[in-house]
Visitor: 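Sending over a structure as structure tokens; questions will come in a sec.
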Amino acid sequence: MKRPRVRFAPSPTGFLHVGGARTALFNWLYAKKFDGDFLLRIEDTDRARSTDESTRAIFEGLEWLGLTWDEEVVYQGANVARHYADAHRLLDSGAAYRDFTPPAETERLRNEAEARGESYRFDRDSAMLSDAETAEKLARNEPYAIRFKVPDGYTEWPDLVHERIAFPNKDIEDFIILRSDGTPVYNMAVVSDDIAMRITLVMRGDDHISNTPKQILLYRALGADVPQFGHVPMIHGADGKKLSKRHGATAVGDYQHLGFLPQAMLNFLALLGWSPGDDLEVMQLPELIERFNVHGLHAKAAIFDTKKLEWMNGQHLALIPIAELAHVVAPLFEKAGLATVADLESRPEWFHGVLELLRVRARLTDEIVQLATTFFGESVEYEAEAIGKQWRDAAVTGEILQATHDRLATLESWEPAAMEEALRKLAEEKGLSGGKIFQPLRVALTGKTVSPGIFEVLLYVGREHSLARVAAAVSFLKQGA
RNA sequence: GGCGGUAUCGUCUAGGGGACUAGGACACAGCCCUCUCAAGGCUGGAACACGGGUUCGAAUCCCGUUACCGCUACCA
């Protein structure tokens with residue numbers, strides 16, 4: 001088999017959309033799986049809507065996801081001369097013809113037909129002129145568009161995702177390939193570029209299904225090999241409509257900033273519209289490549305379920321090597337004003353330990369930072385709910401905390417096992433359940449009713465700060481009493 | 001309107017004529033574990049759009065209906 005060449009061809013009119021990212025991912029996976037090339041083409045021929053900022057956002061999104069491309073980026077706008085030449089090649093060969101009809105006239109006819117409830121089809125016979133008429137208009141320098149002469153018959157292809165799709169050619173009107181200002185139209189540009197890039201498989205969103213017969217006709221008229229096609233379904237929002245801004249975050253950059261891991265995003269996206277065929281869900285990139293196959297591609301539109309994405313992120317948060325997580329998350333700690341990256345790097349054992357404690361309790365990297373606040377700073381703010389729930393009787397609680405403080409202070413080693421033994425013994429002496437000691441202590445240390453295991457908290461807050469916090473809680477309770 | 005596509009729990013999906021009492025995951029509820037919270041384990045409710053065929057047998061194949069989506073530009 002020929003080395004496959006696939007491409008992702010976004011137009012730079014916005015950020016990298018999750019749907020686009022998934023199309024890119026499937027192409028990328030295909031290239032990796034079958035030892036081919038994954039190319040990137042920026043379709044910037046719509047000058048009015050294309051921006052450099054969007055182009056950059058697409059690069060950044062793809063890079064964040066790790067979907068790297070194999071050759072230099074192709075800018076469609078740089079190839080208009082070839083698009084023009086290809087269109088004229090079709091004109092010269094008789095596969096296309098000049099249309100001198102003013103656009104306004106065509107539009108009028110179309111509107112009239114629609115008003116009558118009829119479907120409009122461009123009328124080739126009235127547009128195709130005799131050689132003499134054409135020569136005359138040409139001599140007068142009248143502008144013309146080039147229209148493709150759709151042949152009789154039908155056009156079909158075996159789609160990778162669907163089975164076989166067929167269109168009767170009579171339903172395809174003679175479409176314009178070159179505007180009267182000499183610029184190429186989308187279908188012309190795409191085919192010209194895909195031929196030039198030697199693309200063997202065009203995998204794209206299924207909103208392009210009805211463009212495909214037109215493009216196949218163009219390939220044939222140009223004498224080029226028709227590539228394979230695969231049309232993957234769209235991604236919809238929770239209301240079943242095409243995903244758009246109304247649904248909230250739709251750009252992959254949004255998810256990056258929300259605290260998602262790229263590997264989780266990739267994993268989630270891969271499972272939207274593709275299945276490995278068994279019950280395996282959580283996969284790393286190498287496994288995704290290994291398991292990827294065309295057969296698992298689905299034809300049905302999928303709804304983007306943020307809840308499942310979050311769950312997936314939690315799974316990957318638990319799987320990622322701790323050092324890698326530290327690397328990703330350290331800048332977020334710095335941004336939150338908790339510690340500098342340098343500080344965290346200087347005590348990796350402590351930092352990794354804290355992350356180990358929190359990764360399983362968080363679904364987003366941002367949540368890890370939030371939860372980590374407990375382990376920084378000297379003072380603790382007590383939540384009203386925590387006081388109400390665990391510190392109801394100030395006098396009794398103060399006494400318990402004082403005893404807890406004293407017992408911990410006598411400890412020679414600041415190890416969870418030793419601390420647990422000491423405090424359980426204290427509870428027994430006082431005839432209390434462990435919880436009666438641990439819960440008030442938790443509030444003293446964190447100000448909250450929930451936290452990681454109390455002995456881990458003690459360990460990572462550290463001996464000095466822990467004892468200080470408990471002492472502070474005791475005096476707080478005395479004042480209140 | 002025309003053309004094309006799609007249809008399994010609320011959501012993502014397994015399913016390729018008999019292994020289907022339809023499996024897994026998210027979400028939800030309950031229980032277990034337990035110093036709280038997570039994580040984890042267990043349990044539960046929850047689906048083959050509808051109607052016709054084909055067949056000994058249909059979630060699976062065919063046809064129709066319905067619903068939804070896309071395209072229908074001198075946009076991409």
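Naming convention: chains lettered A, B, ... in sequence-line order (proteins, then strands); numbering from 1 in each chain.
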Visitor: For A/Ser11, answer base if it contacts any base atom (sugar-phosphate contacts may also be present), sugar-phosphate if it contacts only those atoms, and nothing otherwise; contact means non-hydrogen atoms under 4.0 Å.
Guide: sugar-phosphate

Visitor: Taking the C1' atom in each of B/A67 and B/G40, what is the distance between them to the nearest angstrom?
Guide: 41 Å

Visitor: Under a 3.5 Å cutoff, is there a donor and acceptor pairing between the side chains of A/Asp193 and A/Gln76?
Guide: yes

Visitor: Determine whether the side chains of A/Arg89 and A/Ser192 contain a donor N or O and an acceptor N or O closer than 3.5 Å.
Guide: no

Visitor: Hey, is the side chain of A/Arg110 poking within less than 4.0 Å of OP1 or OP2 on B/A73, counting only N and O atoms?
Guide: yes

Visitor: Below 6.0 angstrom between ring centroids: does that apply to A/Phe455 and A/Phe438?
Guide: yes

Visitor: Mark yes when over 12 heavy atoms from residues, nucleotides or ligands other than A/Asp181 sit less than 6.0 Å from its CG; otherwise mark no.
Guide: yes

Visitor: Are A/Tyr97 and A/Asp174 linked by a side-chain donor-acceptor pair shorter than 3.5 Å?
Guide: yes

Visitor: Do the side-chain N or O atoms of A/Arg121 get closer than 4.0 angstrom to the phosphate oxygens (OP1, OP2) of B/G2?
Guide: no

Visitor: With heavy atoms under 4.0 Å as the rule, sort A/Thr106 into base, sugar-phosphate or nothing.
Guide: nothing

Visitor: Tell me whether the side-chain N or O atoms of A/Ser451 pair up with the base of B/C37 as donor and acceptor below 3.5 Å, since no angle test is needed here.
Guide: no

Visitor: With a 4.0 Å limit, can you tell me whether A/Arg361 has a side-chain N or O closer than that to the phosphate oxygens OP1/OP2 of B/U36?
Guide: no

Visitor: Just N and O in the side chain of A/Arg41: are any of them under 4.0 Å from OP1 or OP2 of B/A76?
Guide: no

Visitor: Which nucleotide sits closest to the side chain of A/Asp279: B/A76, B/G23, B/C26?
Guide: B/G23

Visitor: Between B/G44 and B/U60, how far apart are the two C1' atoms, rounded to whole Å?
Guide: 29 Å

Visitor: Do the ring centers of A/His208 and A/Tyr186 come within less than 6.0 Å of each other?
Guide: yes

Visitor: Could you check which of B/U36, B/C74, B/C12 has an atom nearest any side-chain atom of A/Ala302?
Guide: B/C12

Visitor: At under 4.0 Å between heavy atoms, what does A/Pro233 touch on the DNA or RNA strands: base, sugar-phosphate, or nothing?
Guide: nothing

Visitor: When you check every protein heavy atom under 4.0 Å of nucleotides 58-71 of chain B, what one-letter string (B, S, -) results, 5' to 3'?
Guide: -----------SSS

Visitor: Side chain of A/Pro168 only, heavy atoms from C-beta on: which candidate in B/C3, B/U13, B/C74 is closest?
Guide: B/C3

Visitor: Could you measure between the two C1' atoms, the one in B/G57 and the one in B/A19, and give it in whole Å?
Guide: 14 Å

Visitor: Find out whether A/Phe292 and A/Leu297 are in side-chain contact, i.e. whether some heavy atom of one side chain is under 4.5 Å from a heavy atom of the other.
Guide: yes

Visitor: Please figure out whether A/Ser275 or A/Lys308 has its closest RNA chain B nucleotide nearer the 5' end.
Guide: A/Ser275

Visitor: Just N and O in the side chain of A/His162: are any of them under 4.0 Å from OP1 or OP2 of B/G4?
Guide: no

Visitor: Regarding A/Trp157 and A/Asp159, do their side chains bring together a donor and an acceptor under 3.5 Å, going by distance alone?
Guide: yes

Visitor: With both distances under 3.5 Å as the test, what is the Watson-Crick or G-U wobble partner of B/G44?
Guide: B/C28

Visitor: Going by the angle between their ring planes, with limits at 30° and 60°, are A/Tyr255 and A/Phe260 parallel, tilted or perpendicular?
Guide: perpendicular

Visitor: Rounding to an integer number of angstrom, what distance separates B/A22 and B/A58 when you compare their P atoms?
Guide: 16 Å

Visitor: For A/Ile454, answer base if it contacts any base atom (sugar-phosphate contacts may also be present), sugar-phosphate if it contacts only those atoms, and nothing otherwise; contact means non-hydrogen atoms under 4.0 Å.
Guide: base

Visitor: Once you apply a heavy-atom cut-off of 4.0 Å, does A/Gly273 come out as touching a base, just sugar-phosphate, or nothing?
Guide: sugar-phosphate

Visitor: Partner lookup for B/C61, please. Criteria are Watson-Crick or G-U wobble with both distances under 3.5 angstrom; report none if nothing qualifies.
Guide: B/G53

Visitor: Suppose you measure atom C1' in B/C9 against the same atom in B/C26; what distance do you get, rounded to whole Å?
Guide: 12 Å

Visitor: Taking A/Arg22 for the side chain and A/Leu272 for the main chain, is one N or O donor matched with an acceptor at less than 3.5 Å?
Guide: yes

Visitor: Among B/A27, B/A7, B/C74, find the nucleotide with the atom closest to the side chain of A/Lys300.
Guide: B/A7

Visitor: To the nearest Å, how far apart are A/Lys307 NZ and B/C26 C1'?
Guide: 10 Å

Visitor: Classify the nucleic acid contact of A/Ala166 as base, sugar-phosphate or nothing, counting any heavy atom under 4.0 Å across all strands shown.
Guide: sugar-phosphate

Visitor: For atom C1', what is the distance between B/U55 and B/C63, given to the nearest Å?
Guide: 16 Å

Visitor: Reckon A/Gly205 touches a base, only the sugar-phosphate, or nothing at all at heavy-atom distances under 4.0 Å?
Guide: nothing

Visitor: How would you label the contact of A/Arg363 with the nucleic acid (heavy atoms, under 4.0 Å): base, sugar-phosphate, or nothing?
Guide: sugar-phosphate

Visitor: When rounded to the nearest Å, what value does the distance between P atoms of B/A73 and B/A46 take?
Guide: 48 Å

Visitor: Without decimals, in angstroms, what is the distance between A/Phe455 CZ and B/U36 C1'?
Guide: 12 Å

Visitor: Select one nucleotide: of B/A38, B/C35, B/A76, the one nearest the side-chain heavy atoms of A/Val360.
Guide: B/A38

Visitor: At 4.0 Å (heavy atoms only), tell me whether A/Thr155 reaches a base, stays on the sugar-phosphate, or touches nothing.
Guide: nothing

Visitor: If you check every side-chain atom of A/Phe438, which of B/A38, B/C12, B/C35 has the closest atom?
Guide: B/C35

Visitor: Could you measure between the two C1' atoms, the one in B/A7 and the one in B/G51, and give it in whole Å?
Guide: 15 Å

Visitor: Mind checking if A/Glu43 touches a base, just sugar-phosphate, or nothing, with heavy atoms under 4.0 Å?
Guide: sugar-phosphate

